[in-house]
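For clarity, every value in this text was computed on a predicted model and none was experimentally measured.
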Amino acid sequence: MEDKEFPEVRKVKDILRQMPPVHEIQRDERFEQLIMEYGVDAGIVTQTIQKVLGGIRQTILNGEWDGPAPGDSSFTRNLFKKASELLEKQQGYTLKRVINGTGTILHTNLGRARLSDRAVQHVVQTAQHYSNLEYNLERGERGSRHTHAEELLKEITGAEAAMVVNNNAAAVFLILKALAEKKEVIVSRGQLVEIGGSFRISSIMEESGAELVEVGTTNKTHKSDYEQNINENTAMILKVHTSNFKIMGFTETVETEELAEIAQRHEGVVFYEDLGSGALYDFQKHGISDEPVISEVLKKGADIVSFSGDKLLGGPQAGLIAGRKDLIEILKKHQLARVLRVDKMTLAAIEGTLADYARGETGIRNIPSIRDLLATPEYIKRRAEKFIEYLEGSWSPYRVRILEGTSQVGGGTMPDVELPTFLIGLSHPKWNASALARKLRLEASPAVIVRIQQEEVQIDLRTVKEEEEKLVVEALKTFCSQ
Ligand SMILES: *Cc1c(COP(=O)(O)O)cnc(C)c1O
């Protein structure tokens with residue numbers, strides 16, 4: 001046994017002995033080049049080289065090395081190439097831009113809404129410079145961060161007052177805690193929803209210390225169900241917008257106006273509507289959904305409402321609260337407001353987005369998620385045709401077709417809405433659909449996320465920007481030229 005092994009071991013040792021020492025590699029001009037290219041300290045490049053050498057040494061010991069011999073000049077070239085790849089990986093972000101070819105507009109996994117140009121510019125300005133975040137320029141003294149975005153929100157929703165917190169889940173929690181702790185809150189059984197990521201109205205209520213009083217049944221709740229359960233310990237009537245599901249058929253819910261009227265008849269009872277998606281824009285006028293517009297809900301008599309910043313509104317993650325001034329004052333002063341407060345970049349993004357709304361239809365069409373929601377199937381079809389022309393402009397092995405389909409709004413909003421669209425169906429003679437989808441995820445830069453259906457890759461251009469189309473086509477072409 002040992003006799004046989006001996007020459008093998010000696011051979012491995014010989015190979016290892018030929019490996020260039022680190023100090024020698026450090027003198028190579030390519031070492032300097034890596035420092036410049038990645039803008040890192042020499043120590044970091046040295047560590048990377050050592051990691052690569054360690055890996056190669058182990059592979060040689062395992063008898064699995066099939067690269068150039070350590071004495072060769074191509075060994076050093078290979079070493080620097082590997083070091084460069086590793087540096088690339090180490091210096092790269094884990095949070096990366098992707099191209100959304102799924103057609104799902106508010107895709108929660110892909111970051112929900114994208115910001116408008118105006119919002120982005122405002123964020124950049126605010127992040128790069130000092131600002132009057134908590135400074136009153138008029139008086140030359142300390143101000144409040146709550147003033148930002150409030151004026152625009154008041155103007156757009158018609159509310160007396162408004163404020164912004166971290167997300168809508170935080171808004172629900174703050175409102176229950178500040179206005180209903182140790183008191184009763186009446187909710188219809190049909191509205192005790194769970195929203196993705198284990199956010200349950202019933203659990204959040206328990207956390208807040210408010211006592212849940214469930215009324216009615218899953219499909220039907222009447223006015224009298226609310227009225228009969230009001231007593232001296234009732235703080236609130238809560239209506240939850242069931243944004244992520246629909247109960248069909250034999251149903252009855254009590255309208256906003258009626259709930260507002262009940263609350264008004266009982267001193268000290270607040271009527272709060274958690275709107276979830278929060279549309280500032282009237283999608284109904286385009287025949288899309290029956291999503292309530294916030295200003296309408298307030299007009300119908302809700303004392304206070306809350307909604308997300310990154311769902312239908314098309315802004316950053318945030319929770320927006322609007323309503324009666326006396327109630328908002330209580331919220332602003334509550335300890336939790338400090339815990340749930342947003343940073344200046346979020347405020348800038350909200351303000352930038354609201355500024356688009358304040359410009360009417362012209363500004364609103366600059367908000368990416370709204371523009372995508374309103375895109376017509378004809379427009380998407382024309383782009384799909386151009387996409388195919390571009391792909392087939394040169395030799396292409398792909399089989400391509402255009403087919404009718406539907407896009408989803410996503411983000412748990414408008415679950416029953418199917419927006420008609422046109423899809424690009426793609427298949428390759430060698431790779432099956434999931435292999436092609438994998439290539440698009442891992443080899444394209446930026447990664448392209450697609451649908452897999454009918455054993456082909458399908459791309460919905462509704463959520464792909466025009467300037468991104470080229471990137472997708474280039475990626476597809478590159479796979480075939482490798
Ligand atoms: C989405 C949603 C929430 C949570 O909002 P986030 O901004 O995601 O925290 C709360 N309530 C309703 C009804 C929702 O639809």
Side-chain angles (χ1 to χ4, degrees), residues 94 96-112 114 196-197 244-246 288-289 368-369 371-482:
T94 61
K96 295 181 184 125
R97 170 189 174 181
V98 306
I99 293 176
N100 176 8
T102 67
T104 301
I105 301 162
L106 299 168
H107 204 304
T108 300
N109 301 153
L110 305 183
R112 288 196 189 161
R114 292 141 301 153
N244 59 355
F245 72 101
K246 282 266 166 201
I288 301 170
S289 173
S369 36
R371 189 180 52 217
D372 291 352
L373 241 149
L374 299 179
T376 63
E378 296 75 39
Y379 166 69
I380 297 166
K381 188 179 186 188
R382 270 201 309 279
R383 284 179 52 200
E385 284 164 354
K386 263 183 31 208
F387 181 97
I388 289 178
E389 250 173 59
Y390 188 40
L391 181 65
E392 293 187 329
S394 55
W395 172 85
S396 154
Y398 296 99
R399 249 176 298 129
V400 226
R401 63 177 184 139
I402 293 180
L403 64 154
E404 284 182 41
T406 53
S407 325
Q408 303 275 308
V409 180
T413 63
M414 299 185 176
D416 53 337
V417 170
E418 296 197 323
L419 303 164
T421 193
F422 283 92
L423 305 165
I424 299 164
L426 266 177
S427 41
H428 188 276
K430 228 169 56 206
W431 310 311
N432 64 18
S434 63
L436 183 54
R438 187 181 157 81
K439 275 182 170 296
L440 283 163
R441 279 202 314 275
L442 298 178
E443 294 173 35
S445 178
V448 184
I449 315 297
V450 296
R451 303 189 202 176
I452 298 177
Q453 244 153 23
Q454 297 158 287
E455 282 160 38
E456 66 183 355
V457 158
Q458 292 181 349
I459 299 176
D460 186 348
L461 291 181
R462 182 185 291 279
T463 46
V464 179
K465 280 179 159 186
E466 287 193 33
E467 56 266 35
E468 287 175 334
E469 288 172 16
K470 255 201 177 94
L471 297 172
V472 181
V473 172
E474 290 307 329
L476 287 168
K477 284 184 175 175
T478 310
F479 299 159
C480 302
S481 62
Q482 279 161 1

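- Within the model, atoms CG of L374 and CZ of R462 stand 9.0 Å from one another, a figure rounded to the nearest 0.5 Å.
- With values rounded to the nearest 0.5 angstrom, R451 atom CZ is found 5.0 Å from L423 atom CG.
- Between G425 and Q458, the shortest heavy-atom contact is CA-CG, 4.3 Å.
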I'd like to know whether K96 forms a side-chain contact (heavy atoms from CB on, under 4.5 Å) with S445, so could you lay out the CA-CA distance, the side-chain angles of the two residues, the decisive distance to 0.1 Å, and finally the verdict.
CA-CA 10 Å; K96 295 181 184 125; S445 178; over 6 Å; no

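- For R383 (side chain) and V464 (main-chain N/O), a donor-acceptor pair under 3.5 Å exists by modelled atom type.
- The shortest non-hydrogen separation linking V450 to A437 is CG2-CB, 3.8 Å.
- The shortest side-chain heavy-atom distance between L471 and P446 falls under the 4.5 Å cut-off.
- Taking the ring centre of F479 as origin, the terminal cationic atom of K430 falls outside the region bounded by 6.0 Å and 45° from the ring axis.
- Atom CD in Q408 sits 12.0 Å away from atom CE in M414 (nearest 0.5 Å).
- Side-chain contact between R441 and I449 is present, with at least one heavy-atom pair separated by less than 4.5 Å.
- Distance check, rounded to the nearest 0.5 Å: NZ of K381 to CD1 of I402 gives 7.0 Å.
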Contacts table for residues 101-110: side-chain donor-acceptor under 3.5 angstrom, sequence neighbours left out:
| unit_1 | atom_1 | unit_2 | atom_2 | d |
| --- | --- | --- | --- | --- |
| T102 | OG1 | N100 | OD1 | 2.5 |
| T102 | OG1 | T104 | N | 3.1 |
| H107 | ND1 | N109 | N | 3.4 |
| T108 | OG1 | R112 | NE | 3.4 |

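- Partners of P420 by side-chain contact (heavy atoms from CB on, under 4.5 Å), not counting sequence neighbours, listed by chain and number: P377.
- We find the CG-CD1 distance between L440 and I459 to be 6.5 Å, quoted to the nearest 0.5 Å.
- Remark: R401 pairs with E456 by the salt bridge (charged side-chain N to carboxylate O under 4.0 Å, His left out) rule, at least two apart or across chains.
- A heavy-atom distance below 4.5 Å is found between the side chains of R114 and D372.
- Remark: E404 CD is loosely packed, at most 12 non-hydrogen atoms of other residues, nucleotides or ligands lying under 6.0 Å away.
- Contact check for L476 versus L426: side-chain heavy atoms found under the 4.5 Å cut-off.
- Residues P368 and K465 have side chains not in contact (no heavy-atom distance under 4.5 Å, counting atoms from C-beta outward).
- Here the OG-NZ distance, from S434 to K439, works out to 12.0 Å after rounding to the nearest 0.5 Å.
- A side-chain hydrogen bond (donor to acceptor under 3.5 Å, both in side chains) with T421 is found for exactly one of T406, T376, D460, T463, namely D460.
- Using a 4.5 Å heavy-atom threshold, the side chains of Y398 and I424 count as separate.
- Contact check for Y390 versus E469: no side-chain heavy atoms found under the 4.5 Å cut-off.
- Between E468 and R97, some side-chain heavy-atom pair lies under the 4.5 Å cut-off.
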